[in-house]
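A quick write-up on the structure given underneath.
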Amino acid sequence: MRQLSKEMKQVNYCINKRSISTVLLCLFLLLSAQYATAQNDLTNDEYQAFSVGANVKNMHLWHGSVVHPGAMIATSIEYNSKNKKFTFGFWGGASFSTIDVENNTTGKNESAYYKEVSIYTKYRFSDAFFIEAVSHNNYTGVEERGDELQFWSYDKTQGYNFVDVSFGYNVTPNTLLYLATIVNGGSGDYEIQTDGSLKNSWTHYFEVQSKVWQKRDASLSLFAGGAWSFITDKTFYTNNAGNIINVGATLNKDVKIGTYKLPIGVTAMWNPEQEKIVLQLDIALF
C-alpha cells in the first residue's frame with residue numbers, strides 16, 4: 001500500500017506538469033505496483049476451492065444399514081466456497097469383494113461389486129445450522145440382475161437412485177440433531193396399496209449424535225437414530241411401522257506411523273429391528 005501511494009503521488013505530479021510522456025511512464029509504474037500487490041495477495045491467500053479425500057473401510061454403514069458387508073474404498077472430490085458456507089461434491093464407493101444378486105432372466109446368482117456415485121451439496125447458514133441434499137446413486141448389481149443401467153433415473157421401483165434432503169442443528173458444540181427426508185419415493189420408498197398402486201412413504205430419519213469424551217487425539221461419540229413415515233406404515237428403512245434402527249458409538253483416534261498421523265474411526269452399530277450388530281473400521285488415507 002505504501003508503494004501504491006507513492007506511485008499515485010507521482011501520477012498526480014506528472015498530471016500537474018502536463019507532460020504526456022511522463023504521465024504514461026507514471027501510469028505504467030502504477031499498474032506495475034498494482035500487479036505486484038495482487039500477486040502478493042494471491043501468494044498469501046491459503047484458500048483452496050477444491051479438495052479430495054479417500055477412506056478405506058472393512059464395510060460400509062449408513063443410517064443403520066449395512067450397504068456393503070465387505071472391504072471397500074470411498075473417494076470424494078468437493079468444492080467449498082471461500083466463506084465455507086457452500087459445498088458441492090461427488091462421493092464414490094467401490095468394493096474389493098462381491099455380493100450375490102439374482103438374475104431376473106436366468107434365476108441364477110451373479111457376482112456384483114458394490115458401486116456408488118453420489119452427488120451432494122450443503123449450505124451452512126451458521127456454525128450451528130445447515131441444510132443438505134444428497135442424490136444417492138447406488139447401482140450395485142443393476143446389470144447383473146438383467147436391468148438396464150439408467151444413472152439419472154429416479155423411478156420408484158428401480159431400486160438404486162433416490163434423493164435425501166436433510167437439516168442439521170448443533171444444539172451444543174458437541175451435540176448434533178439431524179433430520180433427513182427421502183424425496184418423492186425413489187428406490188423403493190413406497191407402500192403397495194390394496195389396488196396395486198404405489199404410495200410414497202416420504203420416509204424421515206432422525207438421529208442424535210453427541211461427543212461424550214475427548215482426550216488429546218481421541219474422542220468417543222454416541223448416536224441413536226430412528227425412521228418413520230406420516231404417510232404409510234412401511235418406511236425405506238423398516239419392514240413395517242417406524243422404529244429405532246441405528247444405535248451405537250464411534251471412537252475416533254489418530255494413529256501415529258512415524259511422523260504421520262493416520263485418522264481412524266471404529267463404529268459399533270446395533271440395529272434393533274434387524275437384530276444386527278456390526279463393527280466398522282474406517283481409515284482416512286487423506
Side-chain angles (χ1 to χ4, degrees), residues 52-78 89-101 111-118 120 132 134 136-141 160 162 164 166 168 174-180 182 187 203 205-215 217-227 235-238 243-257 260-286:
V52 295
N55 294 60
V56 174
K57 302 180 180 182
N58 69 321
M59 65 174 60
H60 180 41
L61 305 179
W62 181 77
H63 289 188
S65 302
V66 178
V67 180
H68 183 72
M72 55 85 70
I73 184 169
T75 54
S76 64
I77 178 170
E78 69 176 32
F90 297 86
W91 183 96
S95 66
F96 298 106
S97 60
T98 62
I99 59 171
D100 288 337
V101 297
S111 296
Y113 287 93
Y114 163 67
K115 295 173 289 186
E116 180 174 347
V117 178
S118 294
Y120 61 92
E132 182 179 41
V134 183
H136 298 276
N137 306 310
N138 182 348
Y139 49 102
T140 304
Y160 59 97
F162 66 96
D164 245 339
S166 59
N174 292 329
T175 302
L176 172 68
L177 304 181
Y178 174 82
L179 174 65
I182 294 178
S187 189
T203 297
Y205 173 81
F206 180 73
E207 181 176 302
V208 179
Q209 307 171 14
S210 185
K211 184 190 296 183
V212 296
W213 174 82
Q214 182 168 7
K215 186 174 183 180
D217 59 358
S219 65
L220 178 68
S221 298
L222 304 180
F223 59 86
T235 77
F236 180 82
Y237 306 96
T238 63
N243 206 343
I244 301 296
I245 58 170
N246 191 21
V247 180
T250 299
L251 177 65
N252 291 300
K253 182 176 175 59
D254 290 339
V255 176
K256 293 183 179 179
I257 303 176
Y260 181 73
K261 289 185 178 180
L262 187 66
I264 67 167
V266 177
T267 298
M269 188 272 288
W270 171 46
N271 186 323
E273 183 184 72
Q274 298 179 8
E275 298 183 355
K276 181 178 294 184
I277 299 177
V278 294
L279 202 63
Q280 174 189 268
L281 172 65
D282 185 351
I283 302 173
L285 301 180
F286 53 86

- Query: Donor-acceptor pair, Thr203 side chain versus Phe236 backbone, under 3.5 Å?
  - Reply: yes
- Query: Considering only heavy atoms from C-beta outward, does the side chain of Gln280 approach that of Asn58 to under 4.5 Å?
  - Reply: yes
- Item | Contact check, side chains of Ser221 and Val212, non-hydrogen atoms, under 4.5 Å | no
Could you go through residues 245-254 and list every donor-acceptor pair under 3.5 Å that involves a side-chain atom there, pairing it with any protein atom two or more places apart or in another chain?
unit_1, atom_1, unit_2, atom_2, d
Asn246, ND2, Tyr205, OH, 2.9
Asn246, ND2, Glu207, OE1, 3.3
Thr250, OG1, Thr267, OG1, 2.9

- Interatomic spacing from OG1 in Thr238 to CD in Glu273 - rounded to 0.5 Å: 5.0 Å
- Message: Evaluate Thr75 against Val52 for side-chain contact (heavy atoms from CB on, under 4.5 Å), listing each step before the verdict.
- Response: CA-CA 7 Å; Thr75 54; Val52 295; over 6 Å; no
- Atom pair CG/CZ of Asn55 and Phe286 - distance to nearest 0.5 Å: 9.0 Å
- For His136, the option from Phe162, Tyr160, Tyr120 that meets ring pair (Phe, Tyr, Trp, His ring centres under 6.0 Å): Phe162
- Say you draw a straight line from CD1 of Ile182 to OG of Ser166; how long is it, rounded to the nearest 0.5 Å? 11.5 Å
- Heavy-atom neighbours of Trp91 CH2 exceed 12 at 6.0 Å: yes
- Looking at side-chain heavy atoms only, is the closest gap between Ile99 and Tyr114 below 4.5 Å? no
- May I have the step-by-step check of side chain to side chain donor-acceptor pair (under 3.5 Å) for Thr140 and Asn138, ending in yes or no? CA-CA 6 Å; Thr140 304; Asn138 182 348; 2.7 Å; yes
For residues 59-72, which side-chain N or O atoms pair as donor and acceptor with protein atoms under 3.5 Å away, sequence neighbours left out?
unit_1, atom_1, unit_2, atom_2, d
His60, ND1, Lys57, NZ, 3.2
His63, ND1, Tyr237, OH, 3.1
His68, NE2, Ser97, OG, 3.3

- If only atom types and distance count, is the side chain of Asn137 paired as donor or acceptor with the main-chain N or O of Val117 below 3.5 Å? yes
- Rounded to the nearest 0.5 Å, what's the gap from OG on Ser219 to CH2 on Trp213? Could you check? 7.5 Å
- Query: Rounded to the nearest 0.5 Å, how far does NZ of Lys211 lie from CG of Leu176?
  - Reply: 12.0 Å
- Message: For Tyr260, give me all partners under side chain to side chain contact (heavy atoms under 4.5 Å, CB included), at least two apart in sequence or on another chain.
- Response: Leu262
- Task: Report yes if the side chains of Phe206 and Leu177 come closer than 4.5 Å at any heavy-atom pair, otherwise no.
- Result: yes
- Item | From Glu116 atom CD to Tyr139 atom OH, the distance as rounded to the nearest 0.5 Å | 9.0 Å
